[in-house]
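The next block holds one structure in the form of structure tokens; read it before the comments.
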2 protein chains.
Amino acid sequence: MEVYVNPRINADVFLKNPMDSELGKKIISYSVKMIDEIGFSKFNFKKLAEEIQSTEASIYRYFPNKHRVIIYLSAWYWEFVLYQINVKTKEVKEPKKRLEIAIKNLVYIGEEAQTHSYLDMVILQRIITEQFYKIVRTKNVSVQNEIGFFESYKRLCSSLASLFNEIDSSFKYPMTMSTAVVEMSINNTYCCSNMPSLTEIKCGADQKSQIEMMIQYFCGRLLEKCQLSFN
Amino acid sequence: MEVYVNPRINADVFLKNPMDSELGKKIISYSVKMIDEIGFSKFNFKKLAEEIQSTEASIYRYFPNKHRVIIYLSAWYWEFVLYQINVKTKEVKEPKKRLEIAIKNLVYIGEEAQTHSYLDMVILQRIITEQFYKIVRTKNVSVQNEIGFFESYKRLCSSLASLFNEIDSSFKYPMTMSTAVVEMSINNTYCCSNMPSLTEIKCGADQKSQIEMMIQYFCGRLLEKCQLSFN
DNA sequence: AAATATACGATAGTAATACTATCATTGTCA
DNA sequence: TGACAATGATAGTATTACTATCGTATATTT
């Protein structure tokens with residue numbers, strides 16, 4: 001499996017493609033590192049410039065502001081998740097089996113992904129878990145939506161929705177369900193370390209497998225005739 | 001029904017209780033107005049001071065920063081929703097009927113609430129819909145969680161969770177389900193105006209009733225033997 | 001009625017943020 | 001050799017998110 005994804009990201013997100021230069025790649029990989037360490041709100045181009053021994057001005061030639069950086073990162077993340085799901089379900093016919101694989105790949109980052117790229121997917125997942133809602137909930141969301149900044153996320157949700165539809169074509173709300181499922185995986189990861197009383201998931205080594213089982217449980221009940229392996 | 005709620009809000013949220021003075025009440029009601037108009041990120045104490053003909057310094061005597069203002073507002077909102085649910089389900093015995101009422105009051109703001117208070121609940125609901133995730137997703141969430149800033153939200157979720165439990169005691173994830181349901185009501189309201197392809201809900205006059213039906217549909221499928229009126 | 005506390009207003013100031021602008025330097029390719 | 005693209009160096013600005021101090025009006029206590 002080739003896990004080094006080079007996702008096609010809407011060119012309006014950046015001013016200059018960070019994939020095209022060493023500096024660009026450094027901007028991306030150190031952004032991930034810094035956002036993870038100090039949080040998105042304290043992260044800025046001045047600190048980043050210092051860290052990578054460059055200048056604010058140079059970074060501004062790639063992205064007009066830090067918000068675009070995180071939009072870029074989240075696009076990459078969802079692109080990656082969908083890619084992972086597609087690769088692993090390619091040969092699988094049975095819809096329920098494919099749903100199981102999709103759920104697994106929504107929750108886990110494949111081990112193969114962890115060594116290849118200058119973009120650390122495990123850290124990126126952590127960032128998206130913490131920051132996703134800050135990305136989506138801005139006053140200009142509908143503008144950015146029109147420009148297509150969120151295409152990657154939408155593609156993933158549509159893809160899950162059509163899986164649900166294959167399994168139970170009578171289900172009335174496949175899109176709502178797929179956003180709920182994606183957000184459930186994010187939320188419960190977040191809650192179990194930050195607001196534990198809001199979830200049944202317990203922090204720990206098997207946290208992801210708990211979440212996987214839980215999402216299977218929900219899908220099993222929501223879709224008719226959909227008993228999955230953990231149910 | 002007495003809808004003028006005077007919620008008990010954790011005193012650590014503010015420096016000085018805004019309910020105790022005219023200026024305090026003005027700060028609250030105009031904050032709501034301004035955040036709705038210009039968004040939380042562009043909202044600040046300087047603009048607010050100008051609007052209410054006071055000074056930044058005076059506002060800082062009530063709240064240490066604007067983030068606390070929105071925590072205060074969201075606490076009030078969830079307190080209000082739970083209060084509404086409690087009042088309207090008080091006389092009702094049948095759990096399924098109570099769930100239906102709870103769902104309705106999660107989505108709608110009772111008409112009675114709209115005239116009484118200096119806090120406009122309809123606008124407040126709009127703000128919470130737009131900003132809720134910004135409130136919860138901060139780097140210090142777990143600190144604030146310990147202080148108890150989010151007690152109101154948690155109380156509401158727990159209350160829904162025990163309702164689910166009454167209806168189907170075999171259901172494994174009542175807390176996760178209740179946060180999913182609350183967020184579903186927020187998310188779909190948000191999506192249908194900002195990212196319409198992510199939801200089956202269509203913008204319009206009956207938007208809230210669509211969401212009510214949808215949540216009933218999900219609850220009906222998730223909980224066993226739980227056919228609600230719209231299913 | 002005098003003393004005191006509290007609330008609020010007025011004003012000033014600061015460090016950090018989020019940019020924008022300009023010009024110099026370096027490497028590359030034709 | 002010359003042109004151009006990419007980057008670095010430096011400077012500057014408006015706004016934000018505060019903090020600090022002082023003076024005055026009003027209410028409360030004694």
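Per chain, numbering begins at 1; letters A, B, ... match sequence-line order. What you see is a predicted model, and the numbers here were worked out from it, not measured in a lab.
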**Test item: B:Ile27 and B:Phe63 side chains (from C-beta on) under 4.5 Å apart, heavy atoms** =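 Contact flag for B:Ile27/B:Phe63 side chains = yes.
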**Item:** SB check B:Glu212 B:Lys104 (cutoff 4.0 Å)
**Value:** yes
**Message:** If you apply the rule ring pair (Phe, Tyr, Trp, His ring centres under 6.0 Å), what do you find for B:Tyr153 with B:Phe132, and how did you get there?
**Reply:** CA-CA 11 Å; B:Tyr153 179 67; B:Phe132 180 60; 4.9 Å; yes
**Item:** Leading and trailing nucleotides of DNA chain C with any atom under 4.0 Å from heavy atoms of chain B
**Value:** C:dA7 to C:dA10
**Message:** Just verifying a value: how many Å separate A:Met175 CE and A:Ser178 OG, rounded to the nearest 0.5 Å?
**Reply:**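 Spacing of CE (A:Met175) from OG (A:Ser178) equals 4.5 Å.
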**Distance in Å, B:Glu79 CD paired with B:Trp76 CH2, rounded so as to fall on 0.5 Å steps** = 10.5 Å
Atom [atom1] of residue position [X] - does it have more than 12 heavy atoms of other residues, nucleotides or ligands inside 6.0 Å?
X	atom1	answer
A:Tyr108	OH	yes
B:Glu51	CD	yes
A:Lys47	NZ	yes

Whole angstrom value for the distance that separates [atom2] of [N] from [atom1] of [X]:
X	N	atom1	atom2	answer
B:Ile38	D:dT15	CD1	P	14 Å
B:Phe40	D:dT16	CZ	P	13 Å
A:Lys46	D:dT10	NZ	P	14 Å
A:Lys26	D:dT7	NZ	P	11 Å
A:Ile27	D:dT7	CD1	C1'	11 Å
B:Phe45	D:dA20	CZ	P	16 Å
B:Asp20	D:dT28	CG	P	13 Å

**Prompt:** Taking only side-chain nitrogens and oxygens of B:Asn65, does any of them come within less than 4.0 Å of OP1 or OP2 of D:dA17?
**Reply:**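 No, outside the criterion.
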**Prompt:** Does the side chain of B:Lys66 get closer than 4.0 angstrom to OP1 or OP2 of D:dT16 through an N or O atom?
**Reply:** no
**Message:** I'd like to check the ring-ring contact (aromatic ring centres under 6.0 Å, His included) partners of B:Tyr62; sequence neighbours left out, ordered by chain and number.
**Reply:**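 Listed in chain order: nothing, the list is empty.
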**Item:** Sub-4.0 Å heavy-atom contacts from residues 50-62 of chain B onto DNA chain D, ordered by number
**Value:**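 Going residue by residue through residues 50-62 of chain B, the ones with a heavy atom under 4.0 Å of DNA chain D turn out to be B:Glu56, B:Ala57, B:Tyr60.
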